[in-house]
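As structure tokens, the structure follows; a few thoughts come after it.
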Amino acid sequence: MSIADQALTDDLASRRDMIVCRGVKKWFGDFQALRGVDVTVKDREVMVVLGPSGSGKSTLIRCINRLEVHQEGDIIVDGIELTNDTRNIETIRSEVGMVFQQFNLFPHLTVLDNITLAPIWVRKKAKADAEQMAMQLLERVGIPEQASKFPGQLSGGQQQRVAIARSLAMEPKIMLFDEPTSALDPEMIAEVLDVMKDLARGGMTMMVVTHEMGFAREVADRLVFMESGDVVEVGTPEHFFTNPREERTKLFLSQIL
Amino acid sequence: MSESTMTAATPAPVEHGRSGVRWVRENLFSSVSNTLQTIVFSAILLGLMRWILGQIFSEEADWSSVATNLRLLMSYNYPIDQFIRVWVAATIVFLMVGLSLGAWKVDPGFSVRRFGSTTLSTGAFLLLVRVLSPEATPQRIALAMVVAGIALLVLGSLVMRAVPRERDRRLGFTAVLNSVVALILAVLWLVPFGDYGVVDGERYAVDGVTVASSTKVPWTLVLILMVAFQVVGRALGPSVGATVRRLIVLFWVVGPAFIIFLVLRDPAFDWDHVWSTDVPMAAAFALGGGGLLYLLSRPGRDELARVIGAVLLAFALFNWVAAFFGWYPMLQKARFSFLLIAFAVLLVPTFAGERAARLRFAGAWFGLMVLMHWLITGINTESTLVIAAPPFLGGLVLTVGIAYYVMLVSFPLGVLLSLARTSKMPIFRVMSTTYIEVIRGVPLITVLFFFSIMLPLFLPRGMGISDLAAVFAGYTVFSAAYMAENIRGGLQSIRQGQYEAADALGLSTVQRTTLIVLPQALRVSIPNLVGQAIATFKETSLIAIVGGFDLLRIANSTIPNQPDFLGQKRPGLLFISLVYFVIAFTMSKSSQRLEAKLQAGQAR
Amino acid sequence: MTDNQSTASVIQVGGRPPLWRNAAVLKWAIQFAALVAVLGVFWFLIVEARTNLAAKGIPVGYDWLDDPANFQLAEGIQTVDSPERRLTMSRALWVGMVNTLRMAGLGILFATIIGVIVGVSRLSKNYVARRFSSVYVETLRNVPVLVQIILWLAILGSLGKLTADSGPIPGWLIISQKGISLPRIFLADGFYQFASMMLLLSVGIRYVNRSLRRRQEREGGEHRVGSKTFALVVVAVVVSWFANPVMAFLGPVFSALSDGWGAIPQGVMQTLLSLIAVLSAALWIKRFLDSRRTPAGLAKLIDDDWFRMIFSGVAALLGVFVVVRGWPGLSSWMVNSGSDLWGVLADKFGGGRGSLPFDAMKPTLSEGRFVNYGDTGLTLSVFYAALFLGLVFYTSSFIAEIVRGGILAVPSGQSEAAAALGLTRSQALRKVVLPQAFRVIMPPLGNQYLNITKNTSLGIAVGFSEIVQVGQTVYNKNSQTLAVFSIYMIFYLACSLTISSVVNTVNRRLAIVER
């Protein structure tokens, strides 16, 4: 392990745990999607999750805000354990933002209404305040002029940026990204990645499932490689792209690079 | 099933001159099978028309039975000295129709050439009808058909000539509406339909004059008001938009009930009782409930609200149990109010927010209570009307009123049932599926019989329900099952991602359903719901079997039993068929336009 | 960050949330509360109805089914009470059911024929056909069916009086105030023997057909499977027509079965039914557990799974409870209807039956009326005719729209692709377009068939003796509304299930054809 790696590891170790997964298991009927996953994400860390399709990486981050219910093990988000407790679920969901592969904007609401919906109804903000913040967020993701349009009238990249703004409007402590660029045309990927890099520089705790190796190398603090429901390897980008430890990781990287 | 029939139907436009001959050759005699079809279908068509005309103009048919009983068919036995109430009701409804048409933009879509070709073919059709009419056709009508037919032919061809295809325009909705109104008024004032009617049980008939001024003057006022308010609605639309529309929707939800129970029925309020009991009670619920809701809806008081809501709900339900066992008396409307306030308090976490939102929430409650108590008090008070035969509602008013309120009341039930049927909770799903499938498996008439015969049997002693209310309950229960299936189609069209996005944002289940899922699902279901509205409207004819005096009952048994028109069934039945047809056809055409518009919207 | 040591210690892990905040508990608590509320309301209503009925002195139950009917039916397989054939209440209801089914069956047949013709004509190149069909559809579907039925009744009622020489074709086709009558072919005494013989022979034919087809597949070429099979069928019909009295030996067999069925002790039946309920629940739970089994052993069951299994167990126990407690009514129904069925079959195959399977008759008149049923022509009373015409025309307009929509739903690319492959137009239509159109048409068509069956209940408005009308007569006589309504419900639900399962089967077959 290089000196830089060692420094980063020390720095990370001194930070607070934002997401702790311990022995998380999950079955879909007969199929076991997660086979005892142990992962810890620290405060202000950007963690990128890699792995072939079907390796359980989406399932893992969907378990973290309870879109899927894990069956064994513990998931602790910002000190709160994810259980059947409705109050814990409410708290975690309003603290964790999520961006989907298919954007999932609400087609019957304008861009502005999409963003202000949760602040008004969940955070109980005044409408004017929520709209003001929404406009700031739209400035931040670079599309303030689209505020009154409907999602169907936007390009894929613009929709995904609105989706990011919509999550940010809840002022989350953690952001989860589930393959945010996979459904985009190549020329639109960059605009979304730029917004994400910006977020990472701002100190947001992020967990990102992606196939964008450039993004992973540039932004990630640590990478996690998963295969068939197991965490195979965890390490810094430098470690990963220069000297991976496991054979399976090497094979995957050789296929994808 | 010949192969030549496998092409899509696009009505070919009627052309003139040489192209007309070509059109005839291409469309009627292009091949052996085509020629055969022309001959066979023409023969059937002409034969059928001649037979139907024979039914209409037969010597046995006495059409004055319909003309004399028009008032009966429209509003049944409503007392004539109080008839001003009917006109007030009609005025309010038409005025609101005008306002609604103005406030919501109705897209124009009447091509001038389409109008021309329709006029042309109507003219030709009238002449054909004249040719096929039997000997017994009255001379006057035969002449009128010829004159009108020729006039329409001339008008149509003038329009077609004046507006060539490339200069075709679309008429605005306002222009079309206004010209239709003008046409109706002209016909009403100019055409000598004759004056038929009944005064003090004595029938009179005057031929060769226009209809009585007691009919045409009010109609003129009503229609002119409708046009005027359409202009008002248009003017109000952009400036105060959302609020006005919300008020108009509110009117369409509760307005008709007010018209029926407060205008038409004219309750004889006992003012002492009103001031001593009804008003204080309404005020207590409106103010107390509003205050409670305002206090509890402050963010962070969710759990308190849930606890209070649960306690209130338990109390409200206990009130009903107590009512059934007769433990302590309580006015029915108090029981309803307690139940409503319990549900409202349970909903508080959803509507909590900053001050303005809380005030709006409490205000909405206040308004709801005032309206509800006013209406219930009105319904529970004896009517001042003196009516010859008991039900004061009948005829077209009953038909349309029942259909309207069945749709309105079964809508929320249908929404709940469809949500339960698509939910992840197995017991809800089983209960809802059982309900829906059982109701959909049995005929409407058995449901109606069940409610009109069995409901009194199920009720505790001392509690009664009027016949019409029982039938209404039956219709609602029946309609809700179908409504649920229609809405389920919409719910299933919503992608899983929408639910996930709403969950990830932290919306509660109620919020997710009302803000995200239902708005999208209902939009998809609109065409089906209009279809169901048409079906419900047609099904109201079954009231005739279970004892109400709707259009069918009047035409089939009331009129044929009048001494003047003994056994005259066919004219009345043909007339009400026309009434049903006009209303249902209009609805289905507008639903097709709506569907096309929605599909275009999806594509965008 | 003030808190910069590892924070695992401050995390409250483990410990279950309080009940009122536990999502799984809440979910099931709400459901059970709703279930209890609904059951409570039902229980209350039933108690209320029982007290109200008891106050009026009306017994609860189905014992009245064997009472004599004391009324006449307007039409049906039996209309009056006679010493050799009693008209009991249950028999009267049965007559009503047969009338309903008869009306529904014929209505479905004719509505489909007319609907398909009109629907296809709406897509015709011919202007007159197109316009006629669209006017037909728009007019008929926008007028309530009940209004149409009553209008037909009024029109039929205005026809001429029935005399010996009335009708368009006197003696053969008669249309009058009393109804419509034409010659008919009917099932004669020998039919059941004939049918059972045909059944036997068809098993053989099927075997021959299959082996022929297998040979064709193996060897290729033209073996004329269709025409050979057809010839065999013709031979079988001819043989059965003349040789059917051979089958009369079945009569005694059935009568023995009928006696034997009644002799089964009730305890055995009761135990058997309870066993079935418990076993099916056990089987369900076993299959459920199997589905949760993973290669690594049984998956951890979440609360939902437990609730589900408990629910199915409770349902089975409920079934056992009904079988044990509600036995008297249930058993007599099962035993009687079982031995009745065998008894009827024994009668059909009994001795003294003639040998002709079919017979034909012209309408016969007596005293200015049609002779109803028996060896006479096919007579539609005015009530029957009005209901029939109203239902058929109304429903055909909906079927026409369904057919048109189904054909339009097949993309034009399909027939183009077929043409590109060199199929002729009729081949393309038969092999490509129609199978796909059918797939779209079948489900809504099934719905229309259900509607026609349910709409036969409008016969009550014109006095046609279908099940609802007969049932109304029954409960007007003996006030057994609750029981009659339960019979309505079971009958119509059975019809719905039958039709929907037939439609589903056909649809599945077609789906395979398409694949």
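Every heavy atom of this structure was used, including side-chain atoms; hydrogens, water molecules and symmetry mates were not. In what follows, chains are A, B, ... by sequence order, proteins preceding strands, each numbered from 1.
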Which bit of [X] comes within less than 4.5 Å of chain B, counting heavy atoms only: side chain, backbone, both or neither?
X	result
C:Gln472	side chain
C:Phe42	neither
C:Leu497	neither
C:Tyr475	side chain
C:Arg50	neither
C:Leu45	both
C:Val147	both

I need the residue from [options] with the largest number of non-hydrogen atom pairs under 4.5 Å to chain C.
options	value
B:Glu539, B:Met454, B:Lys589	B:Met454
B:Val40, B:Thr446, B:Ile583, B:Ile453	B:Thr446
B:Ala535, B:Gly572, B:Ala544, B:Ser541	B:Ser541

*Determine the interplanar angle of the C:Phe485 and B:Phe450 rings, folded into 0 to 90°, and report it as parallel if under 30°, tilted if 30 to 60°, perpendicular if over 60°.*
perpendicular
Under 4.5 Å from any heavy atom of chain C, what part of [X] do you find: side chain, backbone, both or neither?
X	answer
B:Met425	both
B:Leu574	both
B:Glu437	backbone
B:Val438	both
B:Ser588	side chain
B:Leu45	both
B:Leu578	neither
B:Phe449	both

*Gap separating the CZ atom of B:Arg553 from the CD1 atom of B:Ile559, nearest 0.5 angstrom*: 13.0 Å
*Test item: side-chain donor near acceptor, B:Asn486 and B:Gln532, under 3.5 Å*: yes
*Go through the side-chain N and O atoms of C:Ser124 and B:Gln37 and say whether any donor and acceptor fall under 3.5 Å apart.*
yes
_Check: C:Ser457 main-chain N/O paired with C:Gln469 side-chain donor or acceptor under 3.5 Å_ = no
*Ion pair present between C:Glu401 and C:Arg404, side-chain N to carboxylate O less than 4.0 angstrom?*
yes
*Top contributor to chain B interface from C:Ala129, C:Ala55, C:Ala49 [non-hydrogen pairs under 4.5 Å]*: C:Ala129
*Would the C:Tyr492 and C:Tyr488 ring centres measure less than 6.0 Å apart?*
no
*Could you tell me whether B:Phe125 atom CZ has more than 12 heavy atoms of other residues or ligands within 6.0 Å of it?*
no
*Establish, yes or no, whether the cationic atom of B:Arg440 lies under 6.0 Å from the six-membered ring centre of B:Tyr482 and within 45° of the ring axis.*
yes
*C:Met103 pairs by side-chain contact (heavy atoms from CB on, under 4.5 Å) with which of C:Ile452, C:Thr456, C:Thr453?*
C:Thr456
